[in-house]
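Read the structure below first, then the notes.
Side chains included, hydrogens not; waters and symmetry mates left out as well; all remaining heavy atoms used. Within every chain, numbering begins at 1; the chains are lettered A, B, ... in the order of the sequence lines, protein sequences first and strands thereafter.
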Amino acid sequence: MTDRSAVRVRFAPSPTGMFHVGGARSALHNWAVAHRLGGSFVLRIEDTDEARSRPEWTAGIIDALAWIGISADDPAFEGPLLQSAAAGAHIGAAERLYQQGHAYYCDLTPAQVQERADASGTPGYDGYSRDRGLGPGEGRVLRFRVPDGVTVVDDLVRGRVEFDNSSLEDFVLVRSDGSPVFVLANAVDDIEMGITHVIRGEEHLPNTPKQQLIWSALGHAPPVWAHVPVLVNESRKKLSKRRDKVSLDQYREEGYLPEAMVNYLMTLGWTPPGAEEAGTEIMSWPDMEAVFDLADVNSSPAFFDVRKLDAFNGEYIRAMDVDEFVERATEEIPDDWDRDRFARIAPLLQERTVRFDEEIPGKVDFLFIPDGTDVEIDDASWAKATKAEWAEPLFADVIDAYEALTDDRWRTDVLKSEYERVMTTYGIKLGKAQAPVRVAITGRSVGPPLFESLEELGRDETLRRLAVARPRFGSG
RNA sequence: GCCCCCAUCGUCUAGUGGCCUAGGACACCACCCUUUCAAGGUGGCGGCACGGGUUCGAAUCCCGUUGGGGGUGCCA
């Protein structure tokens, strides 16, 4: 027995082999409502269209959900249920609808329907078979007999939406091959599963009156509807996998943290109460879940802005435990790099990291060059760092000072103070003064803090690189 | 074409008739800090699509216009 008072929501993706960020947001909304209201979250795979259904895709969906914190192990989680397994219920419901006069058979082919529409000048199906009393048969579809009147959809995010039934036309419930159509299957599944809240994307709003009609024809009060606005791209078109980067997995591979993705996704169309006072929209899932309310969700489409996602990701990365950061960052470096050396330098990268992709190795690769191979020095950077009058003499002085250092004094603090001692002669600040050496050592003008890098590189290699670079002064 | 939805800074939003000289976040710009780059701090730029009403008073309510989007299958 289903407890009718208990909240039950569902997330019903079709298995397409790719999990959409919009789907993730929708799943999060459902998850938040289920938890907040002490209800359950049902995962239903809409695999009716067999041509695009693959078992491994269901596993992919579960994995993607787990990544954003919707765990199949959570007590609120139910499923996965396969829509195809309920085919009998769909047909049974269709039969009932027919028996009770809420549906009727029609033998017109799509082409014939089109012909009649063209002839009359009124688009759509004209109700041709409404009163012809046709029974089931070869090549016949079952159509819903849409009653006169108005269907009012009460939507949590949109309010009251009215549809004149005359604009609905007698839509198909069962195809001529006997298979149920989406609106029927979807509504019947929701009824059978005791779904109380249907929370989904706005693109479903237009077929909601049809489903509501089915619910009531089947003798049920409609569920609570909530149609959340779609996610759009920079040209304000609905995010599509054809032209936009929408795969959750792809973001995952690029090194976005699930917490950041979840947090960002939730801020699209909704601001956590208190975010303004706090001066930040960064908020943990438990905190968001505790205050999330569909009625507070905005009703206009939201642009998926990767720049803001990046900002969130950076915040979450900086908030990570250092060891955790190092461990995660290590996954991104080439196999032949010295793990220990990387672990020593990696903490310096934490606040400089926005994503865990290529930028990690690219920032410290100068420390992992094979013995005997020179760094590739960027000419423009070298030219800029050494164009001042003081550059060449300072460079020479630094070499002298560093050569005088014994191995046991080759430490960040000493390297820095020696550098500062040398540069006072030239009356410049460390910010400028460190440039020539930085380029000589790393090949670039930007990178992790210099003296820490020199300590890690070691005395011999540092001195060697400085010696290799020095002749460049003469050659302009 | 028809049906439906939407409309506050570049972006995401707060705002539910007076608290709005419209607030925050991201981005951008400037300055500060500084061992480059970041991070951090301070400040700045920037918006209620338009036109009519209603009201003592409108970002907020109503109507229209314009603009955008979604849906219009025997797809899901």
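- Here B/C74 is the nucleotide among B/C74, B/G24, B/C5 with the atom lying nearest to any side-chain atom of A/Val141.
- Closest to the A/Arg438 side chain, of the nucleotides B/A27, B/U13, B/U35, is B/U35.
- Remark: P of B/A39 and CZ of A/Phe325 are 14 Å apart, rounded to the nearest angstrom.
- Closest to the side chain of A/Phe303, from the set B/A27, B/G71, B/U11, is B/U11.
- Counting non-hydrogen atoms under 4.0 angstrom, A/Pro13 reaches nothing in the nucleic acid.
- For A/Phe356 and A/Phe325, the distance between ring centers is under 6.0 angstrom.
- Centroid-to-centroid, the aromatic rings of A/Phe19 and A/Trp57 stay 6.0 Å apart or farther.
- The phosphate of B/A76 has OP1 or OP2 within less than 4.0 Å of a side-chain N or O from A/Arg175.
- Across B/G52 and B/A58, the matching P atoms stand 13 Å from one another, rounded to whole Å.
- Distance check on atom C1': B/U60 versus B/A49 gives 16 Å, rounded to whole Å.
- Of the candidate nucleotides B/U13, B/G70, B/A25, B/U13 has the atom lying nearest to any side-chain atom of A/Ala302.
- Ring geometry for A/Phe292 against A/His29 counts as parallel: the plane angle stays under 30°, on a 0 to 90° scale with 60° as the upper cut.
- For B/U36, the base has a donor-acceptor partner in the side chain of A/Arg352 [N/O atoms by modelled type, under 3.5 angstrom].
- In this structure, the CG atom of A/Asn233 is 13 Å from the P atom of B/U11, given to the nearest Å.
- Taking 3.5 Å as the limit, the base of B/A27 and the side chain of A/Lys308 contain no donor-acceptor pair of atoms between them.
- Nucleic acid contact class of A/Thr267 (heavy atoms, under 4.0 Å, all strands): sugar-phosphate only.
- Note on A/Arg444: nothing from the nucleic acid sits closer than 4.0 angstrom, heavy atoms only.
- Out of B/C12, B/A27, B/U35, the shortest distance to the side chain of A/Arg307 is found at B/A27.
- With B/U35, B/A14, B/C74 as the candidates, the nucleotide lying closest to the side chain of A/Val172 is B/C74.
- Across all strands shown, A/Leu454 has no heavy atoms under 4.0 Å from either base or sugar-phosphate atoms.
- A distance-only check finds no donor-acceptor pair linking the side chain of A/Arg465 to the backbone of A/Ala440 [under 3.5 Å].
- Applying the 6.0 Å contact sphere to CD of A/Glu359 captures more than 12 heavy atoms from other residues, nucleotides or ligands.
- The side chain of A/Leu268 has B/C12 as its nearest neighbour among B/A14, B/C12, B/G69.
- Within the shown strands, nothing qualifies as a pairing partner of B/C74 under the Watson-Crick or G-U definition with both distances less than 3.5 Å.
- Residue A/Ser453 is classed as having no contact, given no heavy-atom separation below 4.0 Å to the nucleic acid.
- Using a 4.0 Å heavy-atom criterion, one finds that A/Gly269 contacts the sugar-phosphate atoms exclusively.
- Distance OH (A/Tyr125) to C1' (B/C2): 19 Å, rounded to an integer number of Å.
- At the heavy-atom level, A/Asp177 lies nowhere under 4.0 Å from the strands shown.
- Of the candidates B/C37, B/A39, B/A76, the closest approach to any side-chain atom of A/Val446 belongs to B/C37.
- Rounded to whole Å, atom C1' of B/U35 lies 6 Å from atom CZ of A/Phe451.
- Using a 4.0 Å heavy-atom distance criterion, A/Thr122 is classed as making no nucleic acid contact.
- Taking atom C1' on both B/C19 and B/A76, the two are 48 Å apart, rounded to the nearest angstrom.
- B/G71 has no base stacking with the ring of A/His204 when judged by centroids under 5.5 angstrom apart and an interplanar angle below 30°.
- A/Val161 comes within 4.0 angstrom of the backbone, heavy atoms only, and of no base.
- Protein atom CG of A/Leu450 is 18 Å distant from nucleotide atom P of B/U34, rounded to whole Å.
- In a base pair of the Watson-Crick type (N1 to N3 plus N6-O4 or O6-N4) or a G-U wobble (N1-O2 and O6-N3), with each distance short of 3.5 Å, B/C28 is matched with B/G44.
- Looking at which nucleotide of RNA chain B each of A/Glu351 and A/Leu205 is closest to, the 5′-most match is held by A/Leu205.
- You'll find that the side chain of A/Ser14 is closest to B/A76, out of B/C3, B/G24, B/A76.
- In this model, no side-chain donor or acceptor of A/Glu281 finds a partner on the base of B/U13 within 3.5 Å.
- If you look at A/Phe312 and A/Tyr256, their ring centroids are not closer than 6.0 Å.
- Across all strands shown, B/A39 forms no Watson-Crick or G-U wobble pair with both distances under 3.5 Å.
- OP1 or OP2 of B/C5 has not a single side-chain nitrogen or oxygen of A/Arg236 nearer than 4.0 Å.
- Atom name C1', nucleotides B/C9 and B/G46: the rounded distance is 5 Å, in whole Å.
- Between B/G64 and B/C2, the distance separating the two P atoms is 15 Å to the nearest Å.
- Residue contacts shown for A/Glu162 are limited to sugar-phosphate atoms, with no base heavy atom under 4.0 Å away.
- Rounded to whole angstrom, the span from the CZ atom of A/Arg158 across to the P atom of B/A7 amounts to 9 Å.
- Taking the ring centroids of A/Tyr251 and A/Tyr264, they lie at or beyond the 6.0 Å cut-off.
- Between A/Thr280 and A/Asp296, the residue anchored nearer the 5' end of RNA chain B, judged by the nucleotide with its closest heavy atom, is A/Asp296.
- The phosphate of B/G71 has OP1 or OP2 within less than 4.0 Å of a side-chain N or O from A/Lys238.
- Here B/G24 presents its C1' atom at 13 Å from CE of A/Met283, a figure rounded to the nearest Å.
- Look at B/U16: it lacks any Watson-Crick or wobble partner with both distances under 3.5 angstrom.
- For the OP1/OP2 pair of B/A14 and a distance below 4.0 Å, the side-chain nitrogens and oxygens of A/Asn298 include at least one atom meeting the criterion.
- Within 4.0 Å (heavy atoms only), A/Gly447 reaches at least one base atom of the nucleic acid.
- Looking at A/Arg140, its side chain does come within 3.5 Å of a backbone N or O of A/Gly135 through a donor-acceptor pair.
- A/Glu315 has its CD atom 10 Å from the P atom of B/A39, to the nearest Å.
- Between the side chain of A/Ser299 and the base of B/C6, no donor-acceptor pair of N or O atoms lies under 3.5 Å.
- For A/Lys245, the NZ atom is densely surrounded, since the number of other residues' heavy atoms within 6.0 Å is greater than 12.
- Across all strands, A/Tyr264 comes closer than 4.0 Å to no nucleic acid atom at all (heavy-atom distances).
- Residue-level contact check: A/Lys363 touches neither bases nor backbone, having no heavy atom under 4.0 Å from any strand.
- Using a 4.0 Å heavy-atom cutoff across all strands shown, A/Ala435 reaches no nucleic acid atom at all.
- Put simply, the side chain of A/Asn263 gets close to the backbone of A/Met283: a donor and an acceptor are under 3.5 Å apart.
- Side chain of A/Ser300, nearest nucleotide from B/C74, B/A14, B/C6: B/C6.
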